[in-house]
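What follows is one structure encoded as structure tokens, with my remarks underneath.
Worth saying up front: this structure is predicted, and the values here are computed from it rather than measured. Computation of the quantities below employed the complete heavy-atom set of this structure, encompassing side-chain atoms and omitting hydrogens, waters and symmetry-equivalent molecules. Residue numbers start from 1 in every chain, and the chains themselves are labelled A, B, ... in the order their sequence lines are given, proteins ahead of strands.
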Amino acid sequence: MARIEFTPQLRRFTETPSLDAPAATLRDALEAAFERNPRLRSYVLDDQGHLRANVVVYIDGRASRDRRSLSDALRPASSVYVLQALSGG
Amino acid sequence: MSAIAPSSVTDRAWVATRKGLFELRREGSRWRLGRTAFLGEPVTTVLPPDAQGRMLAALNLGHFGVKLHASDDAGATWSEVAAPAYPPQPEDATGPAWKLVLVWALERGHGDGVLWSGTLPGGLFRSADHGRSWQLVESLWRRAERLEWFGGGYDVPGVHSICPHPQRAGEVLIAVSCGGVWATPDDGVTWALRGEGLRAAYMPPELAGNPNIQDPHAVVRCPVAPEVLWCQHHNGIWRSGDDAASWQPVEAPLSSFGFAVAAHPRERDTAWFVPAQADERRVPVGAALVVNRTRDGGRSFDTLREGLPQQDCYDLVYRHGLAVAPDGEQLLMGSTTGHLWASADGGEAWHTVAPHLPPIHAVKFG
């Protein structure tokens with residue numbers, strides 16, 4: 001089960017569940033979180049379903065690479081952090 | 001569809017700022033700050049309450065995108081509603097990404113619950129349910145001319161002015177920076193450019209008169225004479241007396257450059273402007289803030305200074321930073337450096353309401 005955590009900065013806008021999900025890709029993991037709180041989707045992804053320009057995701061200590069399809073693979077025990085990028089925004 | 005009932009509210013107003021939404025209440029000649037919402041967050045525009053207390057506020061959260069909030073009790077409580085969203089972008093689409101960048105305008109349309117939203121990167125959205133859901137107006141978005149639009153102040157084009165005809169149901173005029181003035185006679189089914197006479201000095205000479213690349217900083221309509229429109233353009237001031245079929249240039253004192261314009265609610269020949277020195281120097285002429293008012297359709301102007309700073313002033317009033325109340329007497333003006341002024345006599349004299357607000361995006365009565 002991959003562990004997904006969201007930046008505390010998001011808490012003032014909407015509920016940010018920390019959860020364990022049986023996710024094979026970053027897309028799967030985020031969808032699991034959006035299922036818990038559908039409102040969260042528009043804070044993380046833009047109109048086209050891409051990662052927002054000033055949101056960054058770390059998977060096991062490395063920034064995710066595929067910002068459009070979110071196809072980065074997860075391991076069974078991956079740690080996923082969804083954060084605000086410090087540039088821009 | 002029906003005519004749009006004019007608001008009669010003159011003692012309440014809203015200030016959308018870089019760091020929150022502020023309510024203003026007037027008692028006699030004094031305005032005071034009331035409730036604050038979204039403190040710390042950029043509020044790009046606001047739709048004041050209708051008779052039932054329904055209102056909207058648009059936020060731009062930066063990292064986390066553009067959000068829309070609704071209130072059913074005139075701003076006492078708020079809840080998030082779906083923001084306008086662009087449909088899936090085809091692989092072969094050219095032009096700016098189909099991604100919402102900013103909600104720049106919110107206005108009521110014809111019919112119960114009909115709202116319009118002007119956005120960056122150039123999409124106009126319509127809601128038929130008081131803003132609970134939004135649909136991109138594809139008839140405009142898919143016009144070939146849209147791909148010739150470009151940004152004015154932002155990287156991408158944007159719809160900032162929305163002027164429904166107060167009597168003719170379905171007729172709406174919008175203005176785009178930089179994409180000219182467009183009108184629909186049928187609630188957004190068909191569109192036509194309405195820029196005959198506007199001139200763009202920033203273009204090659206052969207394109208200066210092209211209506212599709214004009215930068216109207218703001219367009220407003222006179223409520224009692226809807227065929228009268230005023231345009232504060234990047235290259236000057238224009239007036240139309242024929243519902244934007246043609247535009248005639250107007251020369252104002254000190255400078256015809258600026259962003260804001262307000263049309264008198266009852267007098268067809270009266271409008272207010274806030275000049276800045278020039279495109280390349282966006283500060284008050286001589287560091288003295290003034291309001292230019294015409295009462296004869298632009299043939300002459302009064303330059304109004306009483307109560308406004310006349311030295312060391314570098315405030316700029318942006319396109320939505322000037323508003324007139326339905327009585328034609330109360331005015332509010334807010335600057336990008338956060339100073340808010342009011343007038344109770346049509347702009348003859350001004351006084352400070354609040355000197356240290358966050359940068360002001362929009363002021364609206366209602």
Quiz prompt | B:Glu80 versus A:Ser42, closest heavy-atom pair with distance | solution = OE2-OG, 4.4 Å

Quiz item: Between atom CZ of B:Phe64 and atom CZ of A:Arg12, what is the distance when rounded to the nearest 0.5 Å?
Solution: 7.5 Å

Practice problem: Could you please spell out the steps behind the side chain to side chain contact (heavy atoms under 4.5 Å, CB included) verdict for A:Tyr43 and B:Leu61? | Solution: CA-CA 9 Å; A:Tyr43 286 82; B:Leu61 300 181; 3.6 Å; yes

Practice problem: Indicate yes or no: at least one non-hydrogen side-chain atom of B:Lys67 is less than 4.5 angstrom from one of A:Phe13. | Solution: no

Quiz item: Considering only heavy atoms, which portion of B:Val81 lies under 4.5 Å from any heavy atom of chain A: side chain, backbone, both, or neither?
Solution: backbone

Exercise. Would you check if A:Arg52 and B:His63 make a side-chain contact, meaning some heavy-atom pair closer than 4.5 Å?
Key: no

Self-check item: CZ (A:Phe34) with more than 12 external heavy atoms under 6.0 Å
Solution: yes

Practice problem: Might you confirm whether atom OH of A:Tyr58 has over 12 heavy atoms from other residues, nucleotides or ligands at distances under 6.0 Å? | Solution: no

Practice problem: Please say whether more than 12 non-hydrogen atoms of neighbouring residues, nucleotides or ligands are located less than 6.0 Å from CZ in B:Arg18. | Solution: no

Quiz prompt | A:Glu31 atom CD: more than 12 heavy-atom contacts under 6.0 Å | solution = yes

Practice problem: Return yes when atom CZ of A:Arg65 has more than 12 non-hydrogen atoms of other residues, nucleotides or ligands closer than 6.0 Å, and no otherwise. | Solution: no

Quiz prompt | Segment of B:Glu41 engaging chain A (4.5 angstrom heavy-atom cut-off) | solution = side chain

Quiz prompt | Gap separating the NE2 atom of A:His50 from the CD atom of B:Gln89, nearest 0.5 angstrom | solution = 7.5 Å

Practice problem: With the side chain counted from C-beta on, respond yes when A:Asp47 and B:Trp98 share a heavy-atom pair under 4.5 Å apart, and no when they do not. | Solution: no

